[in-house]
Amino acid sequence: MDPTTRAGASTSALHARLTAWYAAHRRDLPWRGDGTDAWGVLVSEVMLQQTPVSRVDPVWRAWMERWPTPSDLAAASPADVLVAWDRLGYPRRALRLRECATAIRDTCGGIVPDDETALLALPGIGPYTAAAVRAFAYGRRAVVLDTNVRRVLARALGGEALPAPSLTRAEQDRAAAHLPLDDAGSALWNVALMELGALVCTARSPRCDVCPLRELCAWRAAGHPPDVHAHRRRTQAWHGTDRQARGALMAVLRERRDVAPETLADAWPPPEQRRRALASLVADGLVVAVTDDDGAALSYALP
DNA sequence: TAGACGTGGTT
DNA sequence: TAACCAAGTCT
């Protein structure tokens, strides 16, 4: 039996169980509705980058109501976009999404492209989001490898508790080898795999007892061995970091849009760290400084 | 390629 | 409580 046949047979058994489970347990997320076009899917994917579904849901609904097309968002001010982004986090994503909308309007005729090269050329769109738009918005065959899919495949096929810290070539090859060959089948495979990772095959407490793949799972067959990458994972510091300072300053600016330097001093007292955070926010285009003739800051505002 | 980049719920 | 984790991208 050649490798292609083996992979095909394995995929077939997994696919049948996975799709049956998905049909019964899929969530009715707003961006999965029939009324959602490619722009809506793209917006949802950018918002969902490193951000839980529950936080994205209300923001996405309001966003699509306000800016239903790329041209609508492109015409909005950065300040309005940042305020609407609210507390989704990583506010640079909001700015990039607006730049993405501008690029779609100016270079793609206002239509979200369906080919990988054009998608990857857009601001804020990387390998995952490009594949997700092709698969979920256009029903095309694409290797969708987000954190959920990586984890499910690492367990079911690789027998490991968790995937490596960063995406490997071997993982991409394995995912490609198991992807159904047809457009519709591959699109369903992708969304079902992702949903299983989100609802059952979770990072912390996987619900193996109700998993549709349990009889086929290599990790379960191996006795659930621990994560071999554990020693390489380092936790991200937060308290007292410049990152936390940036977040505190942006929270004030979202609320007031334009504030005196003293107001920001109240929001983040340590002067040197505040200066550093503000400088980086200005460099990122998230904040603008209004200065007098001597260059002293009179106020800070959203762009 | 490793590190930077928000925010808040869960364990 | 501190740490972990969430549909990644960019530099």
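Worth saying up front: this structure is predicted, and the values here are computed from it rather than measured. All chains are named by letter (A, B, ...) in the order of the sequence lines, taking the proteins before the strands, and each is independently numbered beginning at 1.
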State whether the distance check finds a donor on one side and an acceptor on the other, under 3.5 Å, for side chain A/R204 versus base C/dC5.
-> no
To the nearest angstrom, how far is A/N148 atom CG from C/dA6 atom C1'?
-> 9 Å
Pick base, sugar-phosphate or nothing for A/I125, based on heavy-atom distances below 4.0 Å to the nucleic acid.
-> sugar-phosphate
Check step by step if side-chain contact (heavy atoms from CB on, under 4.5 Å) holds for A/T129 and A/L119.
-> CA-CA 8 Å; A/T129 305; A/L119 283 164; over 6 Å; no
To the side chain of A/R87, which of C/dG8, B/dC5, B/dT7 is closest?
-> B/dT7
State plainly whether the residues A/R151 and A/D146 are in salt-bridge range, i.e. N to O under 4.0 Å.
-> no
Is it true that A/R134 and A/E116 have a side-chain N and a carboxylate O under 4.0 angstrom from each other?
-> no
Separation of A/Q244 atom CD from B/dG8 atom P, in whole Å?
-> 11 Å
State whether A/R61 and A/D57 are salt-bridged, where the test is any N-O pair (Lys NZ or Arg NE/NH1/NH2 against Asp/Glu carboxylate O) under 4.0 Å.
-> yes
Can you find a side chain N or O atom of A/R150 that sits less than 4.0 Å from OP1 or OP2 on C/dA6?
-> no
d(CH2, A/W238; P, C/dT1) in whole Å | 18 Å
Got a salt bridge between A/R256 and A/D258, using NZ or NE/NH1/NH2 to carboxylate O under 4.0 Å?
-> no
Rounded distance in Å - OH (A/Y90) to P (B/dA4) = 11 Å
Rounded distance in Å - CG (A/L48) to P (C/dT9) = 12 Å
Which residue lies toward the 5' end of DNA chain C, A/L29 or A/H239, if each is placed at its nearest nucleotide?
-> A/H239
Can you find a side chain N or O atom of A/R254 that sits less than 4.0 Å from OP1 or OP2 on B/dT7?
-> yes
So what does A/G89 touch, heavy atoms closer than 4.0 Å: a base, only the sugar-phosphate, or nothing?
-> base
Using atom P of each nucleotide, how far apart are C/dA7 and B/dC5 to the nearest Å?
-> 23 Å
Determine the interatomic distance between C1' on C/dA6 and the same-named atom on B/dT1; round to the nearest Å.
-> 23 Å
Given DNA chain C, 5'-ward residue of the pair A/S44 and A/L120, judged by closest heavy atom = A/S44
For A/R276, report the nucleic acid contact type (base, sugar-phosphate, nothing); a contact means any heavy atom under 4.0 Å.
-> nothing
Euclidean distance, atom CZ of residue A/R92 to atom P of B/dT7 [Å, nearest integer] | 12 Å
Quick one: does A/R254's side chain have a donor or acceptor within less than 3.5 Å of a partner on A/L82's backbone?
-> no
Looking at every strand, decide which applies to A/A132 at a 4.0 Å heavy-atom threshold: base, sugar-phosphate, or nothing.
-> nothing
Between A/T202 and C/dC5, is there a side-chain N or O to OP1/OP2 distance below 4.0 Å?
-> no
Does the B/dG6 base have a donor-acceptor partner in the side chain of A/T51 within less than 3.5 Å?
-> yes
Confirm from the modelled atom types if A/R55 and B/dT7 form a donor-acceptor pair under 3.5 Å, side chain to base only.
-> yes
Is the phosphate of C/dG8, meaning OP1 or OP2, less than 4.0 Å from a side-chain N or O of A/Q50?
-> yes
When we call it a touch if two heavy atoms are under 4.0 Å apart, what does A/W60 touch: a base, just sugar-phosphate, or nothing?
-> nothing
P-based separation of B/dG8 from C/dT9 [nearest Å] | 23 Å
For B/dG6, does either OP1 or OP2 sit under 4.0 Å from a side-chain N or O belonging to A/R246?
-> yes
To the nearest angstrom, the CG-P distance between A/L97 and C/dG8 comes to 16 Å
Between C/dA7, C/dT9, B/dG6, which nucleotide gets closest to the side-chain atoms of A/R243?
-> B/dG6
Test side-chain contact (heavy atoms from CB on, under 4.5 Å) on A/R96 and A/V46 and set out the steps.
-> CA-CA 9 Å; A/R96 291 204 191 103; A/V46 172; over 6 Å; no
Could you tell me whether A/R32 contacts a base, only the sugar-phosphate backbone, or nothing, with contacts defined as non-hydrogen atoms closer than 4.0 Å?
-> base
Whole-Å gap separating P (C/dT9) and CG (A/L145) = 11 Å
Could you tell me whether A/T147 contacts a base, only the sugar-phosphate backbone, or nothing, with contacts defined as non-hydrogen atoms closer than 4.0 Å?
-> sugar-phosphate
Report which part of the nucleic acid A/S54 touches: base, sugar-phosphate, or nothing (heavy-atom distance under 4.0 Å, all strands).
-> nothing
